[in-house]
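Every chain is numbered from 1, with letters handed out A, B, ... down the list of sequences.
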Protein chains: 2
Amino acid sequence: MHKILIVEDEPAISRIVEKYLSKSNYECTAARDGFIALELLAKNSYDLIILDVMMPGIDGFRVLETIRETSDIPIIMLTARELEEDRLSGFSKGADDYVVKPFSPLELVKRVDVFIKRIYGVDEDTIKTYGPFVIDSKEKTIKKNNELIDLTSAEYSVVSVLLEHKNQILTRNQIIETAFSLDYEGYDRNIDTYIKRIRSKIEDDPKKPKYLQTKYGAGYVFII
Amino acid sequence: MHKILIVEDEPAISRIVEKYLSKSNYECTAARDGFIALELLAKNSYDLIILDVMMPGIDGFRVLETIRETSDIPIIMLTARELEEDRLSGFSKGADDYVVKPFSPLELVKRVDVFIKRIYGVDEDTIKTYGPFVIDSKEKTIKKNNELIDLTSAEYSVVSVLLEHKNQILTRNQIIETAFSLDYEGYDRNIDTYIKRIRSKIEDDPKKPKYLQTKYGAGYVFII
DNA sequence: TTTTTTTGTCATATTATTGCCATAATTCAA
DNA sequence: TTGAATTATGGCAATAATATGACAAAAAAA
């Protein structure tokens, strides 16, 4: 879990950014001005800073310069669209990236992911482990005992739904609606066929499934 | 039983959301546009609102603003993927969460659960614990010492009746009438067979039942 | 385009569940 | 202790559901 400091005077924006980053498994702290930010930085350690340029008190650039005297922690700056030339000045002072307001929170999260990944290796949370199975939702791959399992994309969708709801019985329709889309045209018995194909790839003995089990009259469960 | 208002103009989506929420023990009402929603809200009380952004007539944001003038009921908004910047505007107007279309209904249910739990405390009483046994009436599963017990649906019905009336002697007919229906065709001695099958799955030593005991001349009890 | 892979459908084989019974084992009271 | 009553158990058959193999259609790759 990486720690992120958000320096932003508008509580509305601060809250949204925090919400999104938290959802992406980051631990956030918000500072509503530069002084508070610098104080927090003196006492705690963070993995990345999101820094608004326009703030009352000391502005973002001053804060940036001060931080850079002692640390090269990644800093993403938030700036208004008009101030294009700020970019240059910002970069030269050591900001790592810019996001122009108004921004999409998802976009911001994506950039944060990039930095965190660059510094700390693989980004977390796209990779989940369930027993011998490791699912990488970004790469859309599944490994069993460290061996990549060759799945088609439909097969991947089906197993991943079952894995993510492990030990929960899912009906064919729930699987379809979650793995594919609400307006899937196909027959719900197609799931049987997917299950057959998946079993042949993940089970030691597809005739006696250990993981992907049938619930007669109900659906399927991934037991782990 | 918590009440949820679904505001969505597409009947297909509305129906499916309703189906999933109902299965999770929520009482749903659907409104096909903002006007109807506001009318319903004036007359009834709900515990949570699911609100589509894109609707004919008044759009979701307008509805959101109107609701927020008088109420802080949790609101989850449904929005199309392209409209990312809507998120910002939505959050600042007081939506509690966003779900992007096309969404997984299971995912939506999970988020609803989170809010309902946060506000009303403990999650719905679908899960009950009796000694080492945990029964999930929504999933229709029973665990013993955290291990899922593989029961057929008839077996589940029988054990769950006995568990819910633990330490109470039930006659075969009481079991039949509660577990199945009043017009069960079968012979009441079938219960003996169910008991046999259940014991083999839940008892350490089915020959000397510790939990599911026989009351000679009367019926069966689940001792816990 | 052609070729290959993936996906969807179907008919048929296989299996699971349920209800039923015959027989064995147990209980309880005379 | 005995035997009548009651319950336990194993197995069978009917039914319903699932598994599977084969193939066609669709999609993706070459």
Side-chain angles (χ1 to χ4, degrees), chain A residues 140-142 149-162 169-177 179-181 183-223, chain B residues 140-142 149-162 169-177 179-181 183-223:
Chain A
K140 297 202 188 303
T141 58
I142 294 181
I149 295 170
D150 182 51
L151 295 166
T152 70
S153 78
E155 285 161 8
Y156 169 83
S157 303
V158 171
V159 217
S160 68
V161 166
L162 285 158
I169 299 164
L170 299 181
T171 65
R172 291 179 177 74
N173 276 317
Q174 286 177 322
I175 294 170
I176 285 176
E177 285 155 10
F180 305 112
S181 63
D183 54 350
Y184 178 79
E185 304 270 309
Y187 181 44
D188 70 343
R189 285 283 161 176
N190 290 343
I191 293 300
D192 299 31
T193 300
Y194 287 125
I195 297 290
K196 167 187 65 181
R197 290 168 181 157
I198 293 165
R199 278 181 179 153
S200 74
K201 296 178 178 182
I202 68 167
E203 295 284 358
D204 294 324
D205 180 359
K207 291 272 176 183
K208 284 190 213 155
K210 183 176 161 194
Y211 304 108
L212 220 178
Q213 297 189 5
T214 305
K215 277 314 210 176
Y216 190 95
Y220 297 94
V221 219
F222 205 111
I223 301 277
Chain B
K140 298 202 190 304
T141 57
I142 294 183
I149 296 171
D150 185 54
L151 295 166
T152 70
S153 75
E155 285 161 8
Y156 169 84
S157 302
V158 172
V159 217
S160 68
V161 167
L162 285 158
I169 299 165
L170 298 180
T171 66
R172 291 178 177 74
N173 276 316
Q174 285 176 320
I175 295 170
I176 286 175
E177 284 157 15
F180 305 111
S181 60
D183 55 348
Y184 179 77
E185 304 269 308
Y187 180 45
D188 71 341
R189 284 286 162 172
N190 290 342
I191 293 301
D192 298 32
T193 301
Y194 286 126
I195 297 291
K196 167 187 65 180
R197 290 169 181 156
I198 293 165
R199 280 179 178 154
S200 74
K201 296 179 177 181
I202 67 168
E203 295 284 358
D204 295 323
D205 180 0
K207 292 273 177 182
K208 285 188 212 157
K210 182 176 160 193
Y211 304 109
L212 220 177
Q213 298 188 5
T214 306
K215 280 302 173 181
Y216 190 93
Y220 297 94
V221 219
F222 205 111
I223 303 278

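- Rounded to a whole Å, the CD atom of B:Gln213 is 12 Å from the P atom of C:dT27.
- For B:Tyr187, the listed nucleotide lying nearest its side chain is C:dC20; candidates were D:dA8, D:dA22, C:dC20.
- Using a 4.0 Å heavy-atom distance criterion, B:Tyr220 is classed as a sugar-phosphate-only contact.
- B:Ile191 places its CD1 atom 11 Å from the P atom of C:dC20, with the value rounded to the nearest Å.
- The nucleotide whose nearest atom lies closest to any side-chain atom of A:Ala154 is, among C:dC28, D:dA19, C:dT7, C:dT7.
- Of the candidate nucleotides C:dC20, C:dC10, D:dT18, C:dC20 has the atom lying nearest to any side-chain atom of B:Thr193.
- The side chain of B:Arg199 has D:dA8 as its nearest neighbour among D:dA19, D:dA8, D:dG21.
- Listed here is the closest heavy atom pair of B:Asn190 and B:Gly186: ND2-CA, 3.9 Å.
- Among C:dC20, D:dA8, D:dG10, the nucleotide with an atom closest to any side-chain atom of B:Asn190 is C:dC20.
- A:Asp150 has its CG atom 11 Å from the P atom of C:dT7, to the nearest Å.
- Protein atom CD of B:Glu185 is 15 Å distant from nucleotide atom C1' of D:dT15, rounded to whole Å.
- Using a 4.0 Å heavy-atom cutoff across all strands shown, B:Arg189 reaches at least one base atom of the nucleic acid.
- Between B:Lys207 and the phosphate of C:dT26, there is no side-chain N or O to OP1/OP2 separation shorter than 4.0 Å.
- Under the 4.0 Å criterion applied to side-chain N and carboxylate O atoms, B:Lys210 and B:Asp205 are not assigned as salt-bridge partners.
- Residue B:Arg197 is in base contact, counting any heavy-atom pair closer than 4.0 Å across all strands shown.
- A:Ile198 and A:Glu155 make their closest contact through CD1-O, 3.7 Å (heavy atoms, listed as atom of the first residue, atom of the second, distance).
- In this model, the phosphate group of D:dT6 is not approached by any side-chain N or O of B:Thr214 to a distance below 4.0 Å at OP1 or OP2.
- A:Tyr184 comes within contact range of the sugar-phosphate backbone alone, with a heavy-atom separation under 4.0 Å but no base atom that close.
- Distance check, rounded to the nearest 0.5 Å: CZ of B:Phe180 to CD1 of B:Ile175 gives 9.5 Å.
- Distance A:Phe180 CZ to D:dA26 P: 17 Å, rounded to the nearest Å.
- Looking at A:Tyr211 and A:Arg199, their side chains never bring a donor and an acceptor atom within 3.5 Å of each other.
- Applying the 4.0 Å criterion to OP1 and OP2 of C:dT7, one finds that A:Ser153 has a side-chain N or O inside that range.
- The two residues A:Val221 and A:Lys215 have their closest heavy-atom pair at CG2-CG, 3.5 Å.
- Separating the NZ atom of A:Lys201 from the C1' atom of C:dT5 is a distance of 10 Å, rounded to the nearest angstrom.
- Listed nucleotides D:dT9, D:dA22, D:dT18 differ in distance to B:Asp192; the shortest reach to its side chain belongs to D:dT9.
- For the pair A:Asp188 CG and C:dT7 P, the interatomic distance rounds to 18 Å; values are reported in whole Å.
- Residue B:Tyr216 places no side-chain atom within donor-acceptor reach of the base of D:dT6, judged by atom type and a 3.5 Å distance cut-off alone.
- Put simply, NZ on B:Lys215 is 12 Å from P on D:dA8, counting in whole angstrom units.
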